[in-house]
A.B. asks: 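So that we are looking at the same thing, I have put the structure below in structure tokens.
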Amino acid sequence: MASKDSRCVLVTGGAGYIGSHCAVEILQAGHDVIIIDNCCNAVTGTGGIPESIHRVCQITGKQVKYHQVDIVDIEALRDVFSKYSIDVVIHLAALKAVGESVKRPLDYYKVNFIGTCNIVQVMKEHNMKNLIFSSSATVYGHSNAVPFVETLPTGIDITSPYGKSKYFTETMLKDVCSQDKSWNMILLRYFNPVGAHPSGLLGEYPSGTPKNLMANAVQAALGNIPHLKVFGNDYDTPDGTGVRDYPHVVDLAQGIAAALAKIEDNNNSCGLRIYNLGEGRGYSVLEMIAALEKASAKKVPYVIEKRRPGDIGTFYSDPTLAWKELGWKATRSLEERCKDLWHFHTMNPHGYLKN
Ligand code: UFG
């Protein structure tokens, strides 16, 4: 039984990389957690429950309620809401591969946009209006100067359907808030999370060919791929390679927990808020490779290739507002991010699969 200050928190996409780390933080803050996930990326463990969720329970020593639900299915969502008295929704479930979104735009709009409309609709039916939404730095598009601050215009020059789906969803949520002031919505713009839980039990093991930098760098260090492709060394950056803001995934998860605390502290009347969750500084691809080599004591073989279409040279956050209003900042060092990432992969050479 939870304490009197605890909330019943629904985490959508809670079996995923950010979602599972988020569930740990929310449980550790003393709340009850219900997870829904359609398992499209998850490895199923005992009892048909995703292995990542078993590990969330193992880390925290607490239980969660889990339902395999697709957010596109509004009746299934209604069913979950009818079973519990949910206080807050943390909505992470989404499709997130930029390249894939160009090939499957309809799926991305369906899951990311319509899925969120469904959640807001069912929340409204239950008169429960506290939502934390996982947005992305991608909404800042390609034209803004760095660092990205929340007051910058969004939606301009976004190239991928993934990015547009996040922008359209943000726009829809803002419209809902302006029509009905009793909503509390916190939109969190994530930068590029890396690392893994320090226990070595949770991390990211993408199904299929990994797309992101550190997922590929680890595979190169392990010798599973011959080399990492470095996409461009002719950007206007100190060493010519792309620069990004890479917060530790546990820092990011603690940022989500800080947003939850904000809704509670403001007595459920914080209205609409938007925060960047990033470290506030960028590292180049070559700096990230060097950091992983140090943490793993392995070489990361790499080859310079031409620029990847759609990439920009540099982006990183201005996280000042999150510090001012949420009391949150990313504190874990680059060394720690790489050490935890390596730890997860050495403990789980096949991800969440048993062998
Ligand atoms: N990179 C490589 N080789 C790779 C993969 C990436 O050199 O194999 C480089 C990219 O060119 C870029 C940097 O590493 O300079 C980071 O690339 P990622 O693919 O890891 O991440 P992106 O910044 O392209 O995109 C990420 C997420 C998106 C999100 C975006 C903005 O994948 O979901 O950040 O938040 F939208």
Side-chain angles (χ1 to χ4, degrees), residues 13 16-18 41 92 94-102 108 111-112 134-142 144 146-148 150 152 154-155 157-170 187-195 204 206 208-221 224-247 249 252 255 275-279 282-292 300-319 337-338 341:
Y17 173 49
I18 301 177
N41 255 326
L92 295 118
L95 295 174
K96 62 164 191 173
V98 177
E100 180 185 67
S101 76
V102 177
Y108 274 69
V111 174
N112 296 0
S134 300
S135 190
S136 162
T138 193
V139 301
Y140 290 110
H142 283 198
N144 282 309
V146 289
F148 289 166
E150 291 87 346
L152 285 170
T154 52
D157 290 342
I158 301 176
T159 48
S160 71
Y162 164 73
K164 288 177 202 165
S165 73
K166 289 289 178 184
Y167 169 69
F168 295 156
T169 306
E170 278 202 2
L187 279 45
L188 300 174
R189 294 179 179 156
Y190 303 154
F191 283 68
N192 298 33
V194 294
E204 185 168 40
T209 316
K211 305 282 182 307
N212 289 340
L213 173 66
M214 294 310 272
N216 276 303
V218 164
Q219 294 308 315
N224 294 339
I225 57 173
H227 56 256
L228 168 72
K229 295 176 183 170
V230 174
F231 297 131
N233 65 351
D234 56 352
Y235 286 107
D236 183 17
T237 61
D239 63 23
T241 64
V243 167
R244 296 287 185 275
D245 188 331
Y246 296 98
V249 66
L252 201 84
Y275 301 104
N276 287 334
L277 292 188
E279 186 190 14
Y283 291 99
S284 74
V285 173
L286 296 185
E287 285 176 304
M288 295 305 285
I289 292 174
L292 181 61
V300 177
Y302 69 87
V303 170
I304 305 286
E305 305 249 335
K306 58 180 193 316
R307 292 180 180 195
R308 187 171 62 175
D311 267 354
I312 49 175
T314 301
F315 68 80
Y316 55 92
S317 66
D318 178 340
R337 288 169 241 179
C338 291
L341 176 66

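All residue numbers in this chain count up from 1 along the given sequence. Every number for a ligand or one of its atoms is a count from 1 in the order of the listing.
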A.B. asks: Assess Arg189 against Tyr140: is NZ or CZ under 6.0 Å from the centre of the six-membered ring, and within 45 degrees of the ring's axis?
C.D. replies: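 Yes.
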
A.B. asks: Just wondering, do Leu95 and Tyr162 contact through their side chains at under 4.5 Å, heavy atoms?
C.D. replies: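 When only atoms from C-beta onward are counted, Leu95 and Tyr162 do not touch, as no gap falls below 4.5 Å.
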
A.B. asks: Which protein N or O atoms sit under 3.5 Å from any N or O of ligand 1? Give each pair with its distance.
C.D. replies:
unit_1	atom_1	unit_2	atom_2	d
ligand 1	3 (N)	Lys229	O	2.6
ligand 1	7 (O)	Lys229	O	3.4
ligand 1	7 (O)	Phe231	N	2.9
ligand 1	8 (O)	Asn216	ND2	3.4
ligand 1	11 (O)	Asp311	OD2	2.5
ligand 1	17 (O)	Arg308	NH2	3.4
ligand 1	19 (O)	Asn212	OD1	3.4
ligand 1	19 (O)	Arg308	NH1	3.3
ligand 1	19 (O)	Arg308	NH2	2.8
ligand 1	20 (O)	Leu213	N	2.8
ligand 1	21 (O)	Asn192	ND2	3.2
ligand 1	23 (O)	Asn192	ND2	2.9
ligand 1	23 (O)	Arg244	NE	2.6
ligand 1	24 (O)	Arg308	NH2	2.9
ligand 1	32 (O)	Asn212	OD1	3.0
ligand 1	34 (O)	Asn192	OD1	3.2
ligand 1	35 (O)	Ser136	OG	3.3

A.B. asks: From Tyr108 OH over to Lys164 NZ, what is the distance, rounded to the nearest 0.5 angstrom?
C.D. replies: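 Spacing of OH (Tyr108) from NZ (Lys164) equals 14.5 Å.
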
A.B. asks: Could you give the distance from NZ (Lys229) to CG (Leu213), rounded to the nearest 0.5 Å?
C.D. replies: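 These two atoms lie 13.5 Å from each other.
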
A.B. asks: I need the Cys338 SG to Leu292 CG distance, nearest 0.5 Å.
C.D. replies: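 Reported to 0.5 Å precision, the distance equals 5.5 Å.
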
A.B. asks: Measure across Asp311 and Phe231 and return the closest heavy-atom pair with its distance rounded to 0.1 Å.
C.D. replies: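 Closest heavy-atom pair between Asp311 and Phe231: OD2-CB, 4.4 Å.
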
